[in-house]
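Everything below concerns the one structure shown next.
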There are 2 protein chains.
Amino acid sequence: MARAIQQRTLQTRAKLVEAAKAVIAEDGYEAMRVEEVVLRAGVAKGTFFAHFKDKDALMDLLIGAEIDRHLDQLEAQPAPETISDMAAAMMPLVAFMSCERYVFDVILRHSGAAANAEIGPIAMTFGRHTDITANWLKNKPFRKDLSAELQAEGVQAFVVQAISLVFCALHNAVDPQDRMETYLQAWLLPQT
Amino acid sequence: MARAIQQRTLQTRAKLVEAAKAVIAEDGYEAMRVEEVVLRAGVAKGTFFAHFKDKDALMDLLIGAEIDRHLDQLEAQPAPETISDMAAAMMPLVAFMSCERYVFDVILRHSGAAANAEIGPIAMTFGRHTDITANWLKNKPFRKDLSAELQAEGVQAFVVQAISLVFCALHNAVDPQDRMETYLQAWLLPQT
DNA sequence: TTTATAAATTGACCGCGGTCAATAATGGAG
DNA sequence: CTCCATTATTGACCGCGGTCAATTTATAAA
């Protein structure tokens, strides 16, 4: 039978997470090295991998938590009434997701759950974001020919597209918020 | 002053590319190891990096070439008349882009040019794909409130979204082609 | 042909993520 | 308290991408 989790385990894990946060605060996500984290946490390298499947798993956790913070903000706000408000509301999240090329790459890698049983923190946030967006869209005068879920899926696709273009030298002249507004206008308020 | 490129250089490069293709044909993209490639090509490891900035650069080349082959097919076909035809026409490309999780990750990483001066093969294919799609949409009875370019950008966003969901255990029950049709219908033929 | 210079190649070496058999700490049963 | 099965920790080791000073090879000029 399964034993209770030891105190030690929780402490070590907390030390690792704290150390990682410190490194990231100083030098950014991309600069994080497992060796630096274990050095600061005062544990052996192997211990890291006893707590996290791999480096990406810790990134998933930390970045996922940050995204969740932004989603909390979104949920605390009233549903936006206009396309412009909607784009504006999403900008803090977009800004975080595009704070580093590396961060965006991690997010894309983890945005889908590899298996039903192992939905990671970031994959969870994508589900949450869809739900929040779908709730915004209900009872609003946007697309009536599409389910709120499908509309929300499209919004997510355009968020990813807008961030992708932030990192593209050929297209990053346009302000991300303007681009989001253009996309949302076209997607949610077609002028047929 | 710059000297002409040596024969030797082209030969070595060709040997490396051939060796890489062979490895990939046998074991797939993800399994490709630089050490295995240089072993088969009969050159030293350092030589590889004299020809390619890093492993990703060779991947960019090989995967970009493969995507170009699919785009050649698309260009050779007449413009699709219906949403259904359009989705069907894009499926071979979608299938290749989702043949391996690793391949899709490489594509996403390289889909935007990091700098204007260094547009890689994959970034080029994204531009080409937009152009081809925009040409399809011109003189067709789809969205008249949007430029063909914006419509094409949206199509690209939905292609990426559809492939992402192929790799997501939570959503991969739906057939990719059906999903593409749903997206394209919603994007290009809104029923307001 | 000889020589000078640029270009291509080499392989020992490094950084860093990840593994695993050995060891130590923990906590419940007797 | 003692014993011991379970769990946590350790650090030497490996795989593999990437670097660079040294060496070899090609080519234009004399």
Side-chain angles (χ1 to χ4, degrees), chain A residues 1-20 23-24 26-63 101-103 105-106 109-110 114 118 120, chain B residues 1-20 23-24 26-63 101-103 105-106 109-110 114 118 120:
Chain A
M1 60 173 183
R3 283 189 183 179
I5 314 125
Q6 298 183 12
Q7 281 306 325
R8 198 172 39 149
T9 310
L10 297 174
Q11 284 172 12
T12 305
R13 191 185 165 92
K15 277 194 291 182
L16 285 167
V17 170
E18 281 317 300
V23 173
I24 290 165
E26 286 172 32
D27 302 318
Y29 288 89
E30 175 146 37
M32 200 260 262
R33 298 282 169 270
V34 171
E35 300 201 329
E36 176 67 19
V37 170
V38 295
L39 188 73
R40 296 205 193 194
V43 299
K45 202 174 182 176
T47 303
F48 182 97
F49 296 98
H51 286 264
F52 305 101
K53 184 180 161 292
D54 51 27
K55 181 180 166 176
D56 253 30
L58 176 56
M59 282 299 176
D60 190 4
L61 193 77
L62 297 175
I63 293 173
R101 170 81 230 195
Y102 171 75
V103 169
D105 285 343
V106 172
R109 268 205 302 279
H110 292 82
E118 40 175 77
Chain B
M1 59 173 182
R3 284 189 183 179
I5 314 125
Q6 298 182 12
Q7 281 306 327
R8 198 173 38 150
T9 310
L10 298 175
Q11 283 173 13
T12 306
R13 191 185 165 92
K15 276 193 294 182
L16 286 167
V17 170
E18 281 317 300
V23 173
I24 290 164
E26 285 172 31
D27 302 318
Y29 288 89
E30 175 147 37
M32 201 259 263
R33 297 282 170 269
V34 172
E35 300 201 329
E36 176 67 19
V37 170
V38 294
L39 189 74
R40 295 206 193 193
V43 298
K45 203 174 183 177
T47 303
F48 181 97
F49 296 98
H51 286 263
F52 306 101
K53 185 180 161 292
D54 51 26
K55 181 180 166 175
D56 252 31
L58 176 57
M59 282 299 177
D60 190 3
L61 193 78
L62 296 176
I63 293 172
R101 172 80 231 196
Y102 171 75
V103 168
D105 285 343
V106 173
R109 270 205 302 280
H110 291 83
E118 39 175 78

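Because the structure is a prediction, the values reported are computed rather than measured. So you know, we letter chains A, B, ... as the sequences are listed, proteins then strands, and number each from 1. Computed over heavy atoms, backbone and side chain alike; hydrogens, waters and symmetry mates excluded.
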Roughly how many Å is it from CG in Asp27(B) to P in dC16(D), rounded to a whole number? 12 Å
Heavy atoms only, 4.0 Å cut-off, all strands: where does Thr9(B) land among base, sugar-phosphate and nothing? sugar-phosphate
What's the closest nucleotide to the side chain of Val43(A) if the choices are dA26(D), dG17(D), dT10(D)? dT10(D)
Using heavy atoms to find the nearest nucleotide of DNA chain D for Gln6(B) and Thr47(B) separately, return the residue whose nucleotide is more 5′. Thr47(B)
Looking across every strand, which nucleic acid part, if any, lies under 4.0 Å from Lys45(A) by heavy atom: base, sugar-phosphate, or nothing? base
5'-most by nearest nucleotide on DNA chain C - Gly46(B) or Gln7(A): Gly46(B)
Looking at dG17(C), dG11(D), dG17(D), which one has an atom nearest to any side-chain atom of Arg33(A)? dG17(C)
Please confirm whether the shortest side-chain N or O distance from Thr12(A) to OP1 or OP2 of dT9(D) is below 4.0 Å. yes
Gap between atoms CD and C1', on Glu36(B) and dG17(D) respectively (whole Å): 15 Å
Could you state the CZ-P distance from Phe48(B) to dC20(D), rounded to the nearest angstrom? 17 Å
Does a side-chain N or O from Arg8(B) land closer than 4.0 Å to OP1 or OP2 of dA8(C), or not? no
For Arg40(A) and Ala19(A) the tightest heavy-atom approach is CB-CB, 3.8 Å
Min side-chain heavy-atom separation Thr47(B)-Thr12(B) under 4.5 Å: yes
Rounded to whole Å, how long is the line connecting atom CD of Gln11(B) with atom P of dT25(D)? 15 Å
Test salt bridge (charged side-chain N to carboxylate O under 4.0 Å, His left out) on Lys53(A) and Glu118(A) and set out the steps. CA-CA 12 Å; Lys53(A) 184 180 161 292; Glu118(A) 40 175 77; over 6 Å; no
Apply side chain to side chain contact (heavy atoms under 4.5 Å, CB included) to Val34(A) and Phe49(A), showing your working. CA-CA 9 Å; Val34(A) 171; Phe49(A) 296 98; 4.0 Å; yes
Below 4.0 Å: OP1/OP2 of dA8(C) and any side-chain N or O of His51(B): no
What is the distance, to the nearest angstrom, from the CG atom on Asp54(A) to the P atom on dC16(C)? 17 Å
NZ of Lys55(B) versus P of dT19(D): gap in Å, rounded? 14 Å
Whole angstroms only, please: what is the CD-P distance between Glu35(A) and dA12(D)? 12 Å
Between atom CZ in Phe49(B) and atom C1' in dA8(C), what is the gap in whole Å? 16 Å
Take Arg101(A) and Asp105(A) through the test side chain to side chain contact (heavy atoms under 4.5 Å, CB included) and record every step on the way to the result. CA-CA 6 Å; Arg101(A) 170 81 230 195; Asp105(A) 285 343; 2.9 Å; yes
